[in-house]
Visitor: 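Before I ask anything, let me first share the structure, which is written out below as structure tokens.
So that the names make sense, note that chain A is the first sequence line, chain B the second, and so on, each numbered from 1.
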Amino acid sequence: MAEMPNREIAAALDELGDLYELDGAISHRVLAYRNGAKAVREATQSVGTLAREGRATELPGIGATLQEKIAALVVDGEIPARAKLKAKYPEGLLEITRLPGVGPKRVRLMYTELGIDSLASLKEAAEQERLRGVKGLGPKFEASVLASLEAGLGEAPKPRTLLSRALEEGEAIVAGLRAHPTARRVELAGSARRLADTVKDLDVIATADDPAALTAALAALPEIETAGTAGENAARGVTHSGLSIDLRVVEPDQFGNLLQHFSGSARHNIRLRENAVKRGLHVSEYGILDDATGETVRCATEEEVYATLGLPWIPPELREDRGELDPGFEVPELVSVDDLRGDLHCHTVASDGRNTIEEMAAEAIARGYEYLAITDHSATHGFGNHVDADTLKRQIERVRTVNEKLDGIEVLIGTETNILPDGAPDYDDELLAELDWCIASIHTAFQTPRAEMTKRMVAAIEHPWIDAIGHPTGRKLGRRPGYDVDLDEVIAAAARTGTMLEINGAPDRRDLDDVHARQAAQAGVKILLDSDAHGTDRLANVRWAVATARRAWLTPDDVANTRAWPEFAAMRKRARTS
DNA sequence: GCCGTTTTCGGCCCGACTGTTTTCAGTCG
């Protein structure tokens, strides 16, 4: 029987934390649930299985109580405390906390005092000026609630922006500010700097000879729709696409402190500060207070911040409290775009691409690649524009011809075959054996139940002519989660068979994600970084696969396509099959 | 609720802002 997925267990712990918060629990207890949820979400093994064995406490942040609650969840299907609290507090209370300035304390207060249990009943009470009758709430609170409701806040969480979009805008804004005569240093901070999948807003930290002039300059940038200054040395704006941006201009001798603080993540900073306190150091965005001397050390660079704490400079992509602050941490040599020597997943006009084999190959040469696999779709991928067996046979000849004409690059004939519901590829073995490369992906029957889906994936992984699995979970950021599959089994099967797993560079995929790519690499699976380009201008999308790889702590050695062609060729499963 | 070079209890990162307050709680990042 397939165990409950970690993400479901994590969601239950998060919800329990929310409920305890509503119930008035002390913040540290609530935080313990959220930390527990994070540990479960990022665990590299089945937490349900661990909990059944009484071993969930091996995870950092899971103690006896959470072990017991997780075990109850996976064995009985429910946590008694969660059932009890859900009965106590109506579901509508949580959505009220989405309103700015309205947190769990005030929601609970309004519920117990006025019976407010939904956005609708809150609106009615505010309009009737009943909120101000509650001790601790006043007319200004009432007005702010009405304004928020009017603006539609609370209806849905604000959508997050894909990193590709956020960086396009953020890098243009940073360039624009750097070009201003008064600017000295200008850096993007926040989750965009950490190359997270998505970002909520942009943070920019700067120094300038004339701070007021630089904050005023934000509004004049072409990317900005509206902006205004916020205090002496700050500005806040919104881009034309609706992305919020905060600019802070700081003293040069504190630039490192501010950049470190606003780069986050929150959990990284909390852990950093907790560790520092044990050494008698107190870290804030303004400096590092040393208990021993009473002096606050200001740092012009981030390197100084980390050095003052006895740490190496930690690349922003690693700042997620995933072990980078553990004793003995050494900065891994992270893979970069320049390390890549080939791309093993792209499309041409033979399926749904926009360019020819020749055009794609020319662009690959321009990027300095030594190899490029042409991997058009197979017949059952479900969107038309596919390559049937006979067409593929002709395509083999066409690619071979192009390859012979070109020097300095191996153009490989490959396929991105759909994985059929039984795990088989779309072409027969004889045809697959004629190819140089085969990547297999799921494009159909997404709703297959977990156990069957896992069996389907493992069958594909065990197929002798399938060299790699493309976008292994099928997720689309902001649109849909991945299909339900046991990635532990997928990774184990890939490791056992020498099948590569892809990090797909489509900016809304980045699939595998950072956590599972790291797990796979640790299990000995070789990772592919691919663009999945459907046009010459999209080969550069491999940048987003690299971003995820760096967040997964991957080194050039972990990534298969950092290797020269002869070495890569020998690593293909088919090189050992034939 | 977790956790231990202040170990089984008593702590738990740091600061800004807002609004309702006579000194602070709640919210946010």
Side-chain angles (χ1 to χ4, degrees), chain A residues 13-14 16-40 56-70 79 81 96-110 131-145 147-148 153 158 189-191 194 199-203 205 230-234 236 244-246 248 250 254 257-258 260-289 291 296 305 309-310 321 325 327:
Chain A
L13 295 183
D14 270 329
L16 198 44
D18 289 343
L19 288 164
Y20 273 128
E21 195 174 29
L22 270 181
D23 204 40
I26 63 160
S27 60
H28 301 108
R29 189 168 167 221
V30 175
L31 190 63
Y33 278 91
R34 305 223 161 110
N35 283 338
K38 175 185 188 281
V40 170
T57 51
E58 291 172 14
L59 298 172
I62 304 288
T65 305
L66 287 186
Q67 151 66 37
E68 187 187 331
K69 290 192 152 94
I70 295 168
I79 304 168
I96 302 178
T97 63
R98 282 206 288 258
L99 297 172
V102 188
K105 295 277 187 342
R106 286 173 184 155
V107 165
R108 178 159 173 246
L109 185 64
M110 294 188 292
L131 300 184
R132 65 185 64 181
V134 179
K135 186 170 159 54
L137 307 180
K140 286 194 176 170
F141 176 75
E142 215 165 55
S144 118
V145 161
S148 299
L153 308 174
K158 193 186 168 201
S191 47
R194 301 198 311 277
V199 312
K200 191 159 67 70
D201 48 30
L202 295 171
D203 290 296
I205 309 295
E232 289 272 308
N233 298 319
R236 173 163 293 181
S244 300
I245 174 162
D246 280 325
R248 278 160 227 270
V250 306
Q254 289 180 311
N257 302 104
L258 270 291
Q260 194 285 323
H261 173 77
F262 282 101
S263 292
S265 66
R267 287 174 194 281
H268 173 86
N269 285 351
I270 288 172
R271 176 59 56 87
L272 185 84
R273 291 167 179 199
E274 283 173 352
N275 291 352
V277 167
K278 291 174 192 158
R279 307 175 48 146
L281 300 170
H282 301 272
V283 180
S284 81
E285 58 264 58
Y286 304 110
I288 301 172
L289 170 64
D291 280 341
T296 297
V305 174
L309 301 172
D321 188 19
L325 293 169

Visitor: Can you tell me if Arg194(A) uses its side chain to pair, donor with acceptor, with the backbone of Ser263(A) under 3.5 Å?
Guide: yes

Visitor: When the nearest nucleotide of DNA chain B is assigned to Gly138(A) and to Arg98(A) on a heavy-atom basis, which residue is associated with the more 5' position?
Guide: Gly138(A)

Visitor: To the nearest Å, give me how far apart CZ (Arg271(A)) and C1' (dC12(B)) are.
Guide: 12 Å

Visitor: For Leu16(A) and dC2(B), what is the distance between atoms CG and P respectively, to the nearest whole Å?
Guide: 11 Å

Visitor: If the threshold is 4.0 Å, N to carboxylate O, is there a salt bridge linking Arg248(A) and Glu285(A)?
Guide: no

Visitor: Give the minimum heavy-atom separation between Leu131(A) and Phe141(A), together with the two atoms involved.
Guide: CD1-CE2, 4.2 Å

Visitor: Determine the interatomic distance between C1' on dT8(B) and the same-named atom on dC3(B); round to the nearest Å.
Guide: 9 Å

Visitor: Check this for me: Arg98(A), atom CZ, are more than 12 non-hydrogen atoms of other residues, nucleotides or ligands nearer than 6.0 Å?
Guide: yes

Visitor: If the P atom of dG11(B) is compared with that of dA16(B), how far apart are they to the nearest Å?
Guide: 25 Å

Visitor: Taking dT27(B) as the reference, what is the distance to dT20(B) when you measure between their C1' atoms (whole Å, please)?
Guide: 14 Å

Visitor: Is the number of heavy atoms from other residues, nucleotides or ligands under 6.0 Å of Arg34(A) CZ greater than 12?
Guide: yes

Visitor: How many Å lie between CD on Gln67(A) and P on dC3(B), as a whole number?
Guide: 12 Å

Visitor: If you assign each of Ile270(A) and Thr65(A) to its closest nucleotide in DNA chain B, which residue comes earlier from the 5' end?
Guide: Thr65(A)

Visitor: Could you tell me how far dG26(B) sits from dT21(B) if I compare only their P atoms? Round to whole Å.
Guide: 13 Å

Visitor: Using a 3.5 Å distance criterion without hydrogens, assess whether the side chain of Arg273(A) forms a donor-acceptor pair with backbone atoms of Val283(A).
Guide: yes

Visitor: Respond yes when some side-chain nitrogen or oxygen of Lys135(A) is under 4.0 Å from OP1 or OP2 of dT21(B), and no when none is.
Guide: no

Visitor: CG of Asp321(A) versus P of dC13(B): gap in Å, rounded?
Guide: 12 Å

Visitor: Expressed as a whole number of Å, how far does the C1' atom of dC28(B) sit from that of dC13(B)?
Guide: 14 Å

Visitor: Side chains of Asn233(A) and Val250(A): does their closest heavy-atom pair fall under 4.5 Å?
Guide: no

Visitor: Let's see if you can work this out: which of dC14(B), dA16(B), dC12(B) has an atom nearest to the side-chain heavy atoms of Tyr286(A)?
Guide: dA16(B)

Visitor: Can you identify which nucleotide, out of dG1(B), dC13(B), dT20(B), has its nearest atom closest to the Pro139(A) side chain?
Guide: dT20(B)

Visitor: On a whole-Å scale, what distance lies between the C1' atoms belonging to dT23(B) and dT18(B)?
Guide: 15 Å

Visitor: Is Lys158(A) atom NZ crowded by more than 12 heavy atoms from other residues, nucleotides or ligands, each under 6.0 Å away?
Guide: yes

Visitor: Counting any heavy atom closer than 4.0 Å, what does Leu272(A) reach on the DNA or RNA strands: base, sugar-phosphate only, or nothing?
Guide: nothing

Visitor: So, does His261(A) get its side chain near the phosphate of dC14(B), meaning an N or O under 4.0 Å from OP1 or OP2?
Guide: no

Visitor: Figure out the CG/P separation between Leu131(A) and dT18(B), and round it to whole Å.
Guide: 20 Å

Visitor: With a 4.0 Å limit, can you tell me whether Arg273(A) has a side-chain N or O closer than that to the phosphate oxygens OP1/OP2 of dC13(B)?
Guide: no

Visitor: Is any side-chain nitrogen or oxygen of Lys200(A) closer than 4.0 Å to OP1 or OP2 of dG29(B)?
Guide: yes

Visitor: May I ask which nucleotide in the shown strands pairs with dT27(B), Watson-Crick or G-U wobble, both distances under 3.5 Å?
Guide: dA16(B)

Visitor: Whole Å only: how far is the CD atom of Glu274(A) from the P atom of dC14(B)?
Guide: 9 Å

Visitor: Can you tell me the distance, in whole Å, between the CG atom of Asn269(A) and the C1' atom of dC14(B)?
Guide: 10 Å

Visitor: Check every atom of dT20(B), dG1(B), dG15(B) against the side chain of Lys140(A) and return the nucleotide holding the closest atom.
Guide: dT20(B)

Visitor: Over all heavy atoms of both residues, which pair between Ile205(A) and Ala189(A) is shortest? Give the atoms and the distance, please.
Guide: CG1-CB, 4.1 Å

Visitor: Does Leu137(A) reach a base, just sugar-phosphate, or nothing at all? Heavy atoms under 4.0 Å.
Guide: sugar-phosphate

Visitor: Okay, side chain of Arg106(A), backbone of Leu137(A): is any donor-acceptor separation there less than 3.5 Å?
Guide: no

Visitor: Would you classify Pro327(A) as touching base, sugar-phosphate or nothing, given that sugar-phosphate means primed atoms plus P, OP1 and OP2, and contacts are heavy atoms under 4.0 Å?
Guide: nothing

Visitor: Say you pick atom P in dT6(B) and the same atom in dG1(B); how far apart are they, in whole Å?
Guide: 27 Å

Visitor: Heavy atoms only, 4.0 Å cut-off, all strands: where does Val30(A) land among base, sugar-phosphate and nothing?
Guide: nothing

Visitor: Using a heavy-atom cut-off of 4.0 Å across all strands, would you classify Phe262(A) as base, sugar-phosphate, or nothing?
Guide: nothing

Visitor: For nucleotides 22-26 of chain B, tabulate all protein N/O to nucleotide N/O atom pairs closer than 3.5 Å, reporting atom names and distance.
Guide:
none

Visitor: Specify the separation, in whole Å, of atom CD1 of Ile79(A) and atom P of dG1(B).
Guide: 12 Å

Visitor: Assign Leu99(A) to base, sugar-phosphate, or nothing according to its heavy-atom contacts below 4.0 angstrom with the strands shown.
Guide: sugar-phosphate

Visitor: Looking only at atom P, what distance separates dG10(B) and dG15(B), rounded to whole Å?
Guide: 26 Å

